[in-house]
Amino acid sequence: MTRLVRSDDQLDHLLAAIARTTSESLGYGTVAVHLYRPEQDDFCTTTVHGSELARETLLGDSRGWDVWGAVLDARFLHRGTYLVPHGTFDWNELAPNSYVPEVTTAASVEAWHPEDALLVPLRHSDGHLLGILAVDEPVSGMRPGDDELDVLLAVADHAALALQSAQESSVGARHRAALEQLLHVSSQLTETFTIDAILQAVCDGIHEALGFESVSIDLPEPDTGRLAPRACYGWDVDDPTINSSMSLEELAPLLAPEFEIEGCYLLTAEEALARVDRTHTGYHSRLVGHGPHAWNDHWLLVPLYDRSGGVIGLIWTDDPADRMLPSPARLQALRVFANQATTALDSAAQFEEMRFLADHDPLTRLFNRRSFNDRLELETARATRYQRPFALVLGDVDGLKELNDRLGHMAGDRALESIGRVLQEGRREVDAVFRIGGDEFALILPELGEEEARSVIERISETIRTSEDERLKGVGISFGLAVYPDHGSDPERLFRAADLAMYGAKRPGRPGRLPFAS
């Protein structure tokens with residue numbers, strides 16, 4: 001048994017060796033190991049050394065404290081073991097389908113009776129139960145004396161050390177595997193600049209490394225600011241039961257300091273439901289346990305932080321495969337995943353912004369001059385091929401210099417942003433809006449003739465003229481219109497025609513009027 005303490009065998013092989021060694025060295029026909037399952041708060045018979053009938057009866061059997069609490073009573077305790085004499089319990093009532101060996105009982109009062117039970121706790125070095133070693137059918141046919149019980153207890157103590165070592169090695173192996181998976185996922189995150197791919201890799205990594213069967217990463221919707229799933233493992237992003245639709249403000253009560261462990265936030269269902277509107281809840285854990293440290297519909301949240309410490313998203317994890325509350329080491333790994341995800345998202349956002357700015361104006365977020373030139377070439381070629389008209393509208397802001405001189409360039413920038421929003425509003429999906437210079441804008445309106453294009457300009461003019469946006473006070477736009485093929489059949493001629501029309505329409509000194517010409 002001492003050699004087993006230093007064994008590197010897997011747990012099932014170790015338990016079999018413990019049972020066999022106990023049986024052969026101490027002379028018991030049947031030896032069973034009832035392993036404690038913290039996730040269910042019960043004992044499961046995982047190992048039986050003995051007859052075929054004993055194995056068939058006992059293997060896989062599980063009993064809770066209603067049974068084990070009765071037999072591990074202090075009145076049966078003797079020299080560290082529990083000897084329950086026959087007749088104390090009706091086994092059919094207390095523990096139906098128990099194993100009772102078919103042996104003949106000797107006449108001596110010290111003889112072993114088939115319904116006697118001899119149990120030895122297998123304890124962790126800190127005192128909590130790892131399992132119970134049960135022995136039966138002593139070869140001697142007699143109840144063991146004190147010396148024999150002392151030896152049995154010593155063997156059980158060594159068995160407990162071996163079991164503790166094996167379980168801790170298993171936990172250590174899982175932790176190392178988690179770290180290796182974390183490194184693997186981290187390397188993947190640096191290989192992609194696609195935000196959705198990064199989020200999915202994080203979800204997959206949390207599942208594979210940390211054993212959560214359900215993972216979701218929620219980010220705020222741009223329009224509403226409410227959290228919505230962007231990537232999932234084990235769930236569908238469209239599953240309404242996981243779409244909390246919470247705002248970051250509604251989320252804040254869940255991120256209270258008293259629930260923080262290693263940068264993650266763990267709450268019972270009762271604690272969570274007391275802090276959020278119940279309309280935001282719908283999912284209940286599939287994998288739950290019943291022990292004091294078991295997962296039981298808990299909420300585990302891991303915030304994603306930006307560089308200033310603000311919450312920009314959230315990782316939800318649920319359904320741990322082992323049905324246990326995560327250890328601090330597991331939560332540390334989960335926090336590292338979240339940090340890696342945030343770093344990767346930041347890099348991806350910067351990459352996407354650079355890619356965006358290659359074709360867009362950084363102030364108004366409209367397409368830029370480069371995009372305009374490409375689109376005008378494309379639209380002219382398409383119109384030529386299909387013999388369809390399109391309109392080119394150029395607009396020049398009036399009164400911007402005066403606004404800059406009076407209120408500063410920041411005010412001018414805000415006015416340009418507002419004009420850009422007006423030009424974007426109400427456009428058709430096929431229409432394109434551009435900022436092609438400091439105060440110059442352009443619209444390309446496919447398959448519109450002159451009259452339809454004038455209607456678009458009038459609508460924009462009216463919107464700006466009647467706007468209550470203070471940033472638009474004192475400015476106006478002069479428009480110039482050119483239509484393919486009436487005013488030109490190539491990009492250069494069309495642009496020149498619209499440009500001449502625009503400057504012909506300008507009325508210096510009269511901001512707020514929005515004339516146009518063609």
Side-chain angles (χ1 to χ4, degrees), residues 1-63 68 80-81 98-99 101 117-139 151-181 208-211 287 289 291 293-294 320-324 327 329-330:
M1 195 65 72
T2 301
R3 285 197 297 272
L4 292 178
V5 174
R6 298 187 293 272
S7 171
D8 291 329
D9 283 349
Q10 293 182 343
L11 185 58
D12 55 346
H13 294 155
L14 177 66
L15 293 175
I18 288 172
R20 184 183 67 253
T21 302
T22 304
S23 171
E24 294 175 353
S25 62
L26 301 185
Y28 290 96
T30 302
V31 178
V33 179
H34 308 280
L35 203 60
Y36 178 65
R37 299 190 300 183
E39 72 277 11
Q40 299 296 350
D41 198 25
D42 67 1
F43 294 82
C44 181
T45 309
T46 59
T47 308
V48 177
H49 182 86
S51 67
E52 187 65 30
L53 177 61
R55 290 194 296 273
E56 289 180 359
T57 305
L58 294 174
L59 278 177
D61 181 67
S62 60
R63 313 277 181 175
W68 289 106
T81 69
S98 296
Y99 172 67
L118 181 54
L119 312 167
V120 190
L122 302 175
R123 295 192 181 278
H124 191 279
S125 56
D126 66 10
H128 74 262
L129 268 177
L130 298 172
I132 298 168
L133 185 68
V135 298
D136 205 339
E137 301 179 74
V139 174
V151 173
L152 177 60
L153 182 61
V155 168
D157 286 343
H158 277 63
L161 284 174
L163 177 56
Q164 175 182 335
S165 177
Q167 290 183 336
E168 290 174 350
S169 295
S170 178
V171 171
R174 288 198 301 270
H175 188 57
R176 287 193 298 274
L179 294 178
E180 290 172 0
Q181 181 66 24
E208 293 171 12
L210 302 179
L287 302 179
H293 303 292
D322 61 2
R323 302 172 189 256
M324 292 293 293
S327 66
R330 200 171 174 192

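As the structure is a computational prediction, the values presented were derived from the model and not from experiment.
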So, for Gln40 and Gly289, which heavy atoms are closest and what is the spacing to 0.1 Å? OE1-CA, 4.2 Å
Would Ser125 and Gln164 count as having a side-chain donor-acceptor pair, cut-off 3.5 Å? yes
About how many Å separate OG1 of Thr57 and CD of Glu52, when rounded to the nearest 0.5 Å? 9.5 Å
Do you know which two heavy atoms are closest between Leu163 and Leu130, and how far apart they sit? CD2-CB, 3.7 Å
Given side chains that start at C-beta, do those of Leu35 and Gln167 come closer than 4.5 Å, heavy atoms only? yes
Nearest non-hydrogen partners of Gly80 and Pro121, listed with the distance: O-CD, 3.6 Å
Can you list everything that forms a side-chain hydrogen bond (donor to acceptor under 3.5 Å, both in side chains) with Tyr99? Sequence neighbours excluded, please. Glu137
Find the distance between OG1 (Thr47) and CG (Leu59) and round it off to the nearest 0.5 Å. 7.5 Å
With sequence neighbours excluded, residues passing side-chain hydrogen bond (donor to acceptor under 3.5 Å, both in side chains) with His49: none
Could you list the residues that satisfy salt bridge (charged side-chain N to carboxylate O under 4.0 Å, His left out) with Asp136, not counting sequence neighbours? none
Which residues pass the ring pair (Phe, Tyr, Trp, His ring centres under 6.0 Å) test with Phe43, sequence neighbours left out? Tyr36, Trp65, Trp68
Please round to the nearest 0.5 Å and tell me the distance separating atom CG of Leu287 and atom CE of Met324. 13.5 Å
side-chain contact (heavy atoms from CB on, under 4.5 Å) filter on Ala321, not counting sequence neighbours, yields Glu213
Applying side-chain contact (heavy atoms from CB on, under 4.5 Å), can you list everything that pairs with Ser327, at least two apart in sequence or on another chain? Ala329, Arg330
Identify, with sequence neighbours excluded, every residue that meets side-chain hydrogen bond (donor to acceptor under 3.5 Å, both in side chains) alongside Arg123. none
Would you say Thr46 and Asp12 make side-chain contact, with heavy atoms under 4.5 Å? no
With the side chain counted from C-beta on, respond yes when Val33 and Leu133 share a heavy-atom pair under 4.5 Å apart, and no when they do not. yes
Any idea which heavy atoms bring Ala294 and Pro38 closest together, and the distance? CB-O, 4.2 Å
With sequence neighbours excluded, residues passing side-chain hydrogen bond (donor to acceptor under 3.5 Å, both in side chains) with His293: none
Sequence neighbours excluded - salt bridge (charged side-chain N to carboxylate O under 4.0 Å, His left out) pairs with any residue from residues 41-51: Arg37-Asp42
If every non-hydrogen atom of Ala156 is compared with every non-hydrogen atom of Val120, which pair is closest and at what distance? CB-CG1, 3.3 Å
Nearest non-hydrogen partners of Ala162 and Leu14, listed with the distance: O-CD2, 3.2 Å
Looking at Ser165, is its backbone amide N or carbonyl O close enough to the side chain of Ser169 to form a donor-acceptor pair, meaning the two atoms are under 3.5 Å apart? yes
Suppose we screen for side-chain contact (heavy atoms from CB on, under 4.5 Å). Which residues come up paired with Leu26, at least two apart in sequence or across chains? Thr22, Tyr28, Val151, Leu152, Val155
Arg63: partners by salt bridge (charged side-chain N to carboxylate O under 4.0 Å, His left out), with sequence neighbours left out: Asp61
